[in-house]
Amino acid sequence: MTQMQYALKGTITKEMMQVATNEELAPEWICSEVAAGRITIPKNINHNFDAVGIGNGLRTKINANIGTSEKHCNQEEEIRKLDISIKYGADSIMDLSTGGDLQKILERVIKHSPVMVGTVPIYKVMANLLMENKTFSQMKPDDIFSEIERQAIMGVDFMTLHCGVTRNSLSFLKNDERILGIVSRGGSLLRRWMEKNNAENPLFEQYDRVLDICEKYDVTISLGDGLRPGAGADASDRGQFAELLILGELVDRARARGVQVIVEGPGHMPLDQIEMNIKLMKKICKQAPFYVLGPLTTDIAPGYDHIVGAIGGAIAAAAGVDFLCYLTPAEHLCLPDEEDVKQGVIASRIAAQSGDIVKGVKSAIRQNNAMSKARRDLNWEAMFNCAIDPEQARKRKSSSESADEDHCTMCGNLCAIKTDRDI
Ligand code: SF4
């Protein structure tokens with residue numbers, strides 16, 4: 001049974017208890033929100049780890065993407081990136097590998113990860129076809145469903161499935177031209193397949209098969225936004241919202257089967273459109289947990305997109321987003337290295353924490369206030385302990401001239417806190 005099916009029967013599972021304890025909320029309330037689909041607990045029945053919830057009233061969670069590419073494939077490096085992501089506070093890992101032995105890498109990630117693991121199964125389907133010297137257009141619909149089931153058996157907790165890229169949603173792109181077209185890998189592949197084969201998206205047409213598999217293993221569906229805007233100028237267009245309307249219907253169908261579901265969102269988006277998009281998505285998808293990449297509020301900062309994503313992510317989290325996918329300084333440029341992963345996770349945590357203060361998440365407010373009090377007391381050890389990255393805070397302080405003094409080199413003897421305290 002899925003967590004949602006247990007919740008609908010009023011059964012409080014071990015996983016619901018874990019979420020309740022971590023979030024300082026009543027188990028009965030977690031259970032009722034899981035039953036309503038406003039909270040999901042992505043945890044495959046074949047994957048053993050401490051469960052984490054995503055959704056209404058909970059701390060904003062963050063995901064770190066790792067994975068090989070065809071041009072850069074080193075399994076050990078990806079496992080090190082996983083460890084770095086966990087060390088700096090990622091709640092989830094997505095293995096987006098597209099190069100090397102994908103089955104082996106995913107097995108290692110699932111075994112090694114102490115947090116939920118997500119995938120985009122269509123990447124593996126594509127890689128298999130390439131190994132057979134075939135193009136993606138030669139894919140058979142059964143290839144996708146076999147791969148989804150294979151990964152479900154392996155223990156994947158949530159899967160991005162681009163079920164909303166349909167003939168209908170794609171038709172809205174025809175007369176409403178974008179600068180950047182389709183930027184989702186899954187979305188662009190499916191569009192190509194549909195056009196070459198003159199057929200509907202199998203993930204939409206045979207959605208009940210998706211539900212059958214996800215119900216059996218309690219895999220949470222992450223409804224992918226295959227038509228997400230990849231440029232600020234393309235945000236909030238007809239194609240994006242046409243897909244969203246379809247995703248809303250697919251949320252209903254998943255809930256009717258007791259299958260857990262979250263919905264993915266943009267993408268590149270001007271700052272003043274973020275709140276509107278979050279509120280609209282929550283309304284259309286009946287308060288399903290929302291998972292965003294960024295959003296990126298400007299397109300001109302390659303090398304610094306972790307900062308751009310954190311700006312958008314903080315606004316999105318404050319507006320009600322539940323799950324942030326990190327961006328690293330390597331975004332749009334190359335595969336992230338280990339330092340990029342660290343920077344990406346920390347930037348996302350800053351965004352999540354900023355949103356959680358607005359949401360009224362108790363632990364976030366407590367940590368914030370503890371830091372403020374430590375600053376008031378000029379208690380540097382306490383400040384380091386409250387910091388998102390204690391190592392960095394300690395390193396910067398100890399490298400300054402006044403490392404042993406209670407004030408710092410910023411204002412020196414003009415330290416405002418000391419002056420105020422003396423008064
Ligand atoms: S010297 Fe300035 S920056 Fe440093 S602790 Fe005092 S008030 Fe804060």
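Residue indices begin at 1 and follow the sequence shown. Keep in mind that this is a model prediction, so the values were computed, not measured. Both backbone and side-chain heavy atoms feed into the values below; hydrogens, waters and symmetry mates do not. One-based numbering, in listed order, for ligands and for the atoms of each.
In the model, H162 has no side-chain atom that pairs as donor or acceptor with a side-chain atom of D225 under 3.5 Å. Side-chain contact annotation: N168 with T166, donor-acceptor N/O pair under 3.5 Å absent. Looking only at atom types and distance, the side chain of Q75 has a donor-acceptor partner in the side chain of R108 under 3.5 Å away. Under the 3.5 Å distance criterion, with hydrogens and angles disregarded, a donor-acceptor pair is assigned to the side chains of Y123 and R185.
Using a 4.0 Å cut-off between a side-chain N of Lys or Arg and a carboxylate O of Asp or Glu, K104 and D101 do not qualify as a salt bridge. Under 4.0 Å is where a charged nitrogen must lie from a carboxylate oxygen, and between E107 and K111 no such pair does.
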Mind listing the side-chain donor-acceptor pairs of residues 411-423 below 3.5 Å, one per line with the distance, residues two or more places apart or on another chain?
from: T419; atom 1: OG1; to: C415; atom 2: O; distance (Å): 2.9

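Near A416, with a cut-off below 4.0 Å to any heavy atom, the atoms of ligand 1 are 7 (S).
Taking a cut-off of 2.8 Å, the protein N, O or S atoms nearer than that to atom 4 (Fe) of ligand 1 are C408 SG.
Atom 5 (S) of ligand 1 has its closest protein heavy atom at L378 CD2, 3.7 Å.
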